[in-house]
Amino acid sequence: MTGDTIETYEDLVRLRRKNITKAIIAISATVVAFLVSFVVCMMVGNYTVPAKDVFPAIIGQGETGVVSVIQNVRLPRVAAAALVGAGLSIAGLTMQSLFKNPMASPSVLGISSGAAFGASIAISFGVGATIFGQYNTSAMAFLMCFATMALVYLIARSKYGISTVTLLLAGVAVGAFFNGLVSMMQYIADDDTLSAIVYWTMGSFNKVNWSNFSKSSFSIFVGVILLSFIYRELNLISAGEEQAANVGVNVKRTRLIAILGTSCCVAGAVAMAGTIGFVGLIVPHIFRMMVGPNHKLLIPMCIFGGATFLMIMDTIAKMSFVGSFPVGILTSLLGAPFFIYILKTRKKEIWE
């Protein structure tokens with residue numbers, strides 16, 4: 001066997017073992033990075049908690065003050081950042097595969113803006129409270145997220161398939177429309193509501209506690225589980241919907257599951273922490289460059305890698321600026337140059 005050229009059955013076995021080893025190493029490294037980042041993020045704050053005290057404090061052992069800070073302040077915030085990062089990353093990965101477009105992500109295609117509008121009307125007017133009760137913000141974010149994604153998809157789709165250019169333009173237009181509606185909500189809202197909406201649209205974990213974590217986490221968990229079960233179909237659809245259909249993939253069902261799962265992830269993330277952009281663009285690309293297009297590897301790596309990325313970004317935002325800088329601003333400052341980098345280096349994939 002020369003390189004990865006397969007000449008005999010033994011070569012095939014060796015290649016399979018090599019791929020399995022590569023997968024184990026890649027996923028294990030991502031999990032280790034997640035655990036290390038989790039401990040570090042739990043340690044730092046207004047005062048440092050020693051690493052040896054972190055896990056005992058989580059289960060209620062240790063000094064009362066340390067236990068209180070870890071359990072009631074840092075743990076819900078770090079857990080929320082991890083969950084939102086995982087949800088947005090796997091959502092971005094799925095959208096890039098479904099639309100066969102390296103630029104697709106919840107923020108770029110306007111999905112986050114639609115979810116933001118849904119949450120804004122729930123915050124401003126209590127829309128959905130009669131039906132969904134205390135979960136109305138998450139529910140309205142989900143409904144508008146699903147509606148926005150469907151609208152972008154319908155605008156971009158034609159009898160010839162989905163045009164990449166049309167998809168991007170549709171996402172920009174729909175996102176701008178919903179951003180305008182959110183701005184209108186801000187204009188007509190009273191001072192208290194306006195402050196809540198403006199702060200919330202920046203994207204921040206500063207006000208996360210166990211109560212709002214529990215209200216929104218279920219949606220993200222459901223989305224991640226749904227998207228994790230269709231990795232085989234995504235591998236095939238990435239090569240083309242017709243080819244996938246020819247080998248037995250139910251493309252319509254897979255597309256529906258992908259849209260539902262993505263909507264759950266984005267809606268839960270927006271309801272929990274507001275609008276945090278570019279996570280679903282940055283993380284999947286980093287791992288694609290590392291391990292290739294296999295979703296069996298990419299999905300677990302995006303889950304743990306996205307969680308790690310947003311935990312670190314939130315900790316940097318919390319520690320670098322007075323008054324806990326909103327992490328959504330930091331990810332946008334980092335994501336915009338990354339977006340330009342992709343435009344410059346992957347022009348053929350984007351515009352073909």
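Treat the numbers as computed from the prediction; the structure is a model and nothing was measured.
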Asks: Testing the basics here: between L227 and I257, what is the closest heavy-atom pair and its distance to 0.1 Å?
Replies: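 Nearest heavy atoms, L227 then I257: CD2-O, 4.2 Å.
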
Asks: If I take atom CD1 from residue I111 and atom OG from residue S263, how far apart are they, to the nearest 0.5 angstrom?
Replies: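 The distance works out to 7.0 Å.
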
Asks: Under 3.5 Å, sequence neighbours excluded: what are the donor-acceptor pairs made by side chains of residues 309-317?
Replies:
unit_1	atom_1	unit_2	atom_2	d
D314	OD1	R77	NH2	3.0
D314	OD2	R77	NE	2.8
T315	OG1	M311	O	2.9

Asks: Would one find more than 12 heavy atoms of other residues, nucleotides or ligands at under 6.0 Å from atom CZ of F132?
Replies: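 Yes.
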
Asks: Would you sort out whether L236 and Q243 count as a side-chain contact (heavy atoms from CB on, under 4.5 Å), showing the intermediate values?
Replies: CA-CA 7 Å; L236 295 169; Q243 295 91 323; over 6 Å; no

Asks: When you compare the side chain of V78 with that of F38, does any pair of heavy atoms fall below 4.5 Å?
Replies: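 In short, these two side chains touch, coming nearer than 4.5 Å.
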
Asks: Could you grab the distance from atom OG of S183 to atom CD1 of I197, nearest 0.5 Å is fine?
Replies: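 Answer for the OG-CD1 pair, S183 versus I197, is 10.0 Å.
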
Asks: Do other residues, nucleotides or ligands put more than 12 heavy atoms under 6.0 Å from the CG atom of N246?
Replies: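 Correct, the count exceeds 12.
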
Asks: Could you give me the CA-CA distance, side-chain angles and deciding distance for L83 and F221, then say whether side-chain contact (heavy atoms from CB on, under 4.5 Å) is met?
Replies: CA-CA 8 Å; L83 190 58; F221 277 122; 4.0 Å; yes

Asks: What closest approach, in Å, do M140 and I121 show between heavy atoms, and which atom pair accounts for it?
Replies: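 Heavy atoms of M140 and I121 come nearest at CE-CD1, 3.7 Å.
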
Asks: Partners of M202 by side-chain contact (heavy atoms from CB on, under 4.5 Å), sequence neighbours excluded?
Replies: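 Per chain and number, M202 pairs via side-chain contact (heavy atoms from CB on, under 4.5 Å) with V198, P326, I329.
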
Asks: When you group the ILVMFWY residues by side-chain heavy-atom contacts below 4.5 Å and let the links chain together, are V249 and I259 in the same group?
Replies: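 I259 does not cluster with V249.
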
Asks: What residue pairs, at least two apart or across chains, pass side-chain hydrogen bond (donor to acceptor under 3.5 Å, both in side chains) with a residue in residues 116-130?
Replies: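 For residues 116-130, and leaving out neighbouring residues, there are no side-chain hydrogen bond (donor to acceptor under 3.5 Å, both in side chains) pairs at all.
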
Asks: With sequence neighbours left out, write down each residue that passes salt bridge (charged side-chain N to carboxylate O under 4.0 Å, His left out) with R232, or none if nothing qualifies.
Replies: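 In terms of salt bridge (charged side-chain N to carboxylate O under 4.0 Å, His left out), with neighbours along the sequence ignored, R232 is linked to no residue.
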
Asks: So do I230 and E233 actually touch side chain to side chain, heavy atoms under 4.5 Å?
Replies: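 Yes; the side chains approach each other to less than 4.5 Å.
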
Asks: Measure the shortest side-chain to side-chain distance between I155 and V174 over non-hydrogen atoms and say whether it is less than 4.5 angstrom.
Replies: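 The answer is yes; the side chains approach within 4.5 Å.
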
Asks: With a cut-off of 3.5 Å and sequence neighbours excluded, list every side-chain donor-acceptor pair involving residues 210-220.
Replies:
unit_1	atom_1	unit_2	atom_2	d
W210	NE1	Q71	O	2.8
N212	OD1	N209	N	2.8
N212	ND2	K207	O	3.1
S214	OG	W210	O	3.2
S214	OG	S211	O	2.7
S216	OG	S138	OG	3.1
S217	OG	F213	O	3.0
S219	OG	C264	O	2.6

Asks: Holding to side chain to side chain donor-acceptor pair (under 3.5 Å), I want the full list of residues that pass it with S228, two or more places apart in sequence or in another chain.
Replies: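 Not a single residue meets the side chain to side chain donor-acceptor pair (under 3.5 Å) criterion with S228.
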
Asks: Locate the shortest heavy-atom distance separating G65 from Y47; write the atom from each residue and the value.
Replies: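 Closest approach of G65 to Y47, heavy atoms only: O-OH, 3.8 Å.
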
Asks: Hey, are the side chains of C265 and V224 touching, using non-hydrogen atoms and a 4.5 Å cut-off?
Replies: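 Result yes, sub-4.5 Å side-chain heavy-atom pair found.
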
Asks: Can you list the residues that meet the side chain to side chain donor-acceptor pair (under 3.5 Å) rule with D190, with sequence neighbours excluded?
Replies: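 By the side chain to side chain donor-acceptor pair (under 3.5 Å) rule, D190 matches T193.
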
Asks: So, taking the atom named CG in L298 and the one named CE in M290, what distance separates them when rounded to the nearest 0.5 Å?
Replies: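 L298 CG to M290 CE: 10.0 Å, rounded to 0.5 Å.
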
Asks: Of all the heavy-atom pairs spanning V283 and G305, show the shortest one and how long it is.
Replies: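 What the structure gives for the nearest pair is CG1-C, 4.1 Å.
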
Asks: Would you confirm whether T331, through its side chain, and G277, through its main-chain N or O, come within 3.5 Å as a donor-acceptor pair?
Replies: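 Judged by distance alone, yes, a pair lies under 3.5 Å.
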
Asks: Say whether I131 and M144 are linked into one hydrophobic cluster, either directly or through other cluster members, by side-chain heavy-atom distances under 4.5 angstrom.
Replies: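 Hydrophobic grouping puts I131 with M144.
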
Asks: Using the ring pair (Phe, Tyr, Trp, His ring centres under 6.0 Å) criterion, which residues pair with F34? Sequence neighbours excluded.
Replies: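 Listed in chain order: F304.
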
Asks: Within the 4.5 Å heavy-atom criterion, are M95 and S105 side-chain neighbours or not?
Replies: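 Not touching, per the 4.5 Å side-chain cut-off.
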
Asks: Honestly curious: do I59 and I70 fall in one hydrophobic cluster under the side-chain, below-4.5 Å linking rule?
Replies: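 Not linked; separate clusters.
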
Asks: Measuring from M301:CE to T308:OG1, what's the distance to the nearest 0.5 Å?
Replies: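 Going from CE on M301 over to OG1 on T308, the span is 10.5 Å.
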
Asks: Applying side-chain contact (heavy atoms from CB on, under 4.5 Å), run through S113 and V182 and close with a yes or a no.
Replies: CA-CA 8 Å; S113 298; V182 172; over 6 Å; no

Asks: Test of understanding: with side chain to side chain donor-acceptor pair (under 3.5 Å), list the residues that count as partners of N250, not counting sequence neighbours.
Replies: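 Counting only residues at least two positions away or on another chain, N250 forms no side chain to side chain donor-acceptor pair (under 3.5 Å).
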
Asks: As a quick check of understanding, evaluate side-chain contact (heavy atoms from CB on, under 4.5 Å) for F205 and K318, giving each step before the final call.
Replies: CA-CA 9 Å; F205 296 100; K318 179 178 67 175; over 6 Å; no

Asks: Answer whether the closest heavy-atom distance between the side chains of Q96 and R288 falls below 4.5 Å.
Replies: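 Q96 vs R288: side chains touch.
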
Asks: Report yes or no: does R74 contribute a side-chain atom to a donor-acceptor pair with the main-chain N or O of M43 at less than 3.5 Å?
Replies: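 Present.
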
Asks: Linking directly or through intermediates, with side-chain heavy atoms under 4.5 Å: list the remaining ILVMFWY members grouped with V32, chain and number order.
Replies: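 Members besides V32, by chain and number: V36, V40.
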
Asks: Quick check for you: to the nearest 0.5 Å, what is the distance between I25 atom CD1 and T30 atom OG1?
Replies: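 If we round to the nearest 0.5 Å, I25:CD1 and T30:OG1 are 11.5 Å apart.
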
Asks: So if you build clusters from Ile, Leu, Val, Met, Phe, Trp, Tyr with side-chain heavy-atom gaps below 4.5 Å, do V270 and L151 land together?
Replies: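 Cluster IDs for V270 and L151 match.
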
Asks: Output the distance between atom CD1 (I286) and atom OG (S89), rounded to the nearest 0.5 Å.
Replies: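 One finds 9.0 Å between CD1 of I286 and OG of S89.
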
Asks: Flag yes if F55 and V31 sit in one hydrophobic cluster, no otherwise; membership is Ile, Leu, Val, Met, Phe, Trp, Tyr, and two members link when side-chain heavy atoms are under 4.5 Å apart.
Replies: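 F55 clusters together with V31.
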
Asks: What heavy-atom pair brings N235 and P293 nearest, and what distance separates the two atoms?
Replies: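 Taking every non-hydrogen atom into account, OD1-O, 3.4 Å.
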
Asks: Apply ring pair (Phe, Tyr, Trp, His ring centres under 6.0 Å) to F178 and list each qualifying residue two or more places apart in sequence or on a separate chain.
Replies: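 F178: ring pair (Phe, Tyr, Trp, His ring centres under 6.0 Å) contacts with F117.
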
Asks: Side chains of M42 and V49, heavy atoms from C-beta outward: is any pair under 4.5 Å?
Replies: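 Answer no - side chains too far apart.
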
Asks: Taking all non-hydrogen atoms of both residues into account, name the closest pair between I276 and L88 and its distance.
Replies: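 Between these two residues, the closest heavy atoms are O-CD1, 3.7 Å.
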
Asks: Not counting sequence neighbours, which residues clear side chain to side chain donor-acceptor pair (under 3.5 Å) with T262? List them please.
Replies: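 Counting only residues at least two positions away or on another chain, T262 forms no side chain to side chain donor-acceptor pair (under 3.5 Å).
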
Asks: For S68 and T64, indicate whether the former's side chain and the latter's backbone hold a donor-acceptor pair under 3.5 Å.
Replies: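 Side chain of S68 to backbone of T64, a donor-acceptor pair under 3.5 Å: no, none is there.
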
Asks: Is there a donor-acceptor contact under 3.5 Å from the side chain of Q61 to the main chain of D53?
Replies: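 A pair under 3.5 Å: no.
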
